[in-house]
Participant: 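The structure follows.
Computed over heavy atoms, backbone and side chain alike; hydrogens, waters and symmetry mates excluded. Bear in mind that the values here come from a model prediction, so they are computed numbers and not experimental data. Naming: A, B, ... by sequence-line order, numbering from 1 per chain.
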2 protein chains.
Amino acid sequence: MLDDVDHQILDLLKRNSRLTYTEIGKQINMSSPAVKTRMERLEDYVINRYTVEVNHNELNKGIHGFVLFKTKSCEKLMNYCKENKNIIDLWRISGEYNYMAKVICAKIEELEQISKDTTQYAFSNILSILGNYNVEEG
Amino acid sequence: MLDDVDHQILDLLKRNSRLTYTEIGKQINMSSPAVKTRMERLEDYVINRYTVEVNHNELNKGIHGFVLFKTKSCEKLMNYCKENKNIIDLWRISGEYNYMAKVICAKIEELEQISKDTTQYAFSNILSILGNYNVEEG
DNA sequence: CCTGAAAATATATCGCC
DNA sequence: GGCGATATATTTTCAGG
């Protein structure tokens, strides 16, 4: 299980995963080899990957949305979502719809195209993202 | 604008944001000072933050879901979502509902509690996440 | 599990192209 | 914009508690 120090390290890495062992150590009063050992253990169990959050608007990907799907052709839909480079997340969900995809694209037509592409085997419903609020601490 | 080298760097950082300048340089045939300069420019415009993706199941946060809200008390709802530590994302959306929150928690009761907490000013609908498919390349 | 020391790597700066 | 050289900083390894 994780102790308080592990959580402190994860919190620091969440804010900036490029912090050096030395810098993390300074902030939590621990030597850099000890930080390294802790992080290696976290990497085995808890850390999926160190990654980067990009500003999609700056990348000319200003259209964001969710697409809800109701389908019985699960494999077909999953394969489609894997192929479509604008779809960055896919969840199996409970309720009236059984899948939801997150879409990041340049033009509204690309978002609408997803419904057209899947119309033969899935009923879909587009939720455009009009705003994104930071609710996480840190 | 971003050129091909910038995209290569972002792709590498997306997979592992702790890569050293030296290692990135090796993979794209560029010197480490040049990689550093590029990354500093990316940090100004395109990179929001370097972060870490954690395995929530390992952290005893195995219940994942979305909550759709229909409300006229936007400020009230936003403040509630900021206070609730299980809510990690909040979007303004188009359609029948006007907000959607992403929730990561330990027990199903915590997910259901959100509907109860907001019932006086928002109508809500819970979509439990039953599975999460990796559709991103890399 | 942690620290401190020391060798091996990486970063940061800068002159030059 | 990028490269090579070099001074500074960090990482890595390991002996010792």
Participant: Taking only N and O in the side chain of A:R41, is any of them less than 4.0 Å away from OP1 or OP2 of C:dC1?
Facilitator: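 So the side-chain polar atoms of A:R41 never come under 4.0 Å of the phosphate oxygens OP1 or OP2 of C:dC1.
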Participant: Reading nucleotides 7-17 of chain C from the 5' end, what letters show protein touch, with B for base, S for backbone sugar-phosphate only, - for no heavy atom under 4.0 Å?
Facilitator: ---SSSB----
Participant: Hey, what do you get for CD (B:E83) to CE (B:M78), rounding to the nearest 0.5 Å?
Facilitator: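 It is 12.5 Å, given to the nearest 0.5 Å.
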Participant: Can you give me the bend angle of the helix from C:dC1-D:dG17 to C:dC17-D:dG1? Use the axis through the first five pairs and the one through the last five, nearest 10 degrees.
Facilitator: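 Terminal axis comparison yields 30°.
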Participant: Looking at B:K76, I want to see if its NZ is surrounded by more than 12 non-hydrogen atoms of other residues, nucleotides or ligands under 6.0 Å.
Facilitator: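 Open.
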Participant: Is the CD atom of B:Q120 crowded by more than 12 outside heavy atoms at less than 6.0 Å?
Facilitator: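 No, because the 6.0 Å sphere around CD of B:Q120 holds 12 heavy atoms or fewer from other groups.
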Participant: Name the first nucleotide and the last nucleotide along DNA chain D (5' to 3') that come under 4.0 Å of a heavy atom in chain A.
Facilitator: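 Going 5' to 3' along DNA chain D, contacts run D:dT10 to D:dT13.
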Participant: Hey, are the side chains of B:L19 and A:Y50 touching, using non-hydrogen atoms and a 4.5 Å cut-off?
Facilitator: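 No - every pair of side-chain heavy atoms lies 4.5 Å or more apart.
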Participant: Between the side chains of B:Q113 and B:E109, is a donor N or O closer than 3.5 angstrom to an acceptor N or O?
Facilitator: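 Distance-only check fails for B:Q113 and B:E109.
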Participant: Measure CG/A:D6 against C1'/C:dC2 and give the value in whole Å, please.
Facilitator: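 These atoms are roughly 14 Å apart.
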Participant: Kindly assign one of parallel, tilted or perpendicular to the pair B:H56 and B:H64, based on the angle between their ring planes and the thresholds 30° and 60°.
Facilitator: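 Geometry flag for B:H64 against B:H56: perpendicular rings.
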Participant: Determine whether the side chains of B:N86 and B:K61 contain a donor N or O and an acceptor N or O closer than 3.5 Å.
Facilitator: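 Short answer, yes.
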Participant: How are the rings of B:Y97 and B:F123 set to each other: parallel, tilted or perpendicular (split at 30° and 60°)?
Facilitator: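 Plane angle under 30°, so parallel.
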Participant: A:F66 vs B:W91 aromatic rings, parallel, tilted or perpendicular, using cut-offs 30° and 60°?
Facilitator: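 Aromatic pair A:F66/B:W91 classed perpendicular.
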Participant: With a 4.5 Å heavy-atom cut-off, do B:L12 and B:I28 have their side chains touching?
Facilitator: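 A side-chain contact under 4.5 Å exists here.
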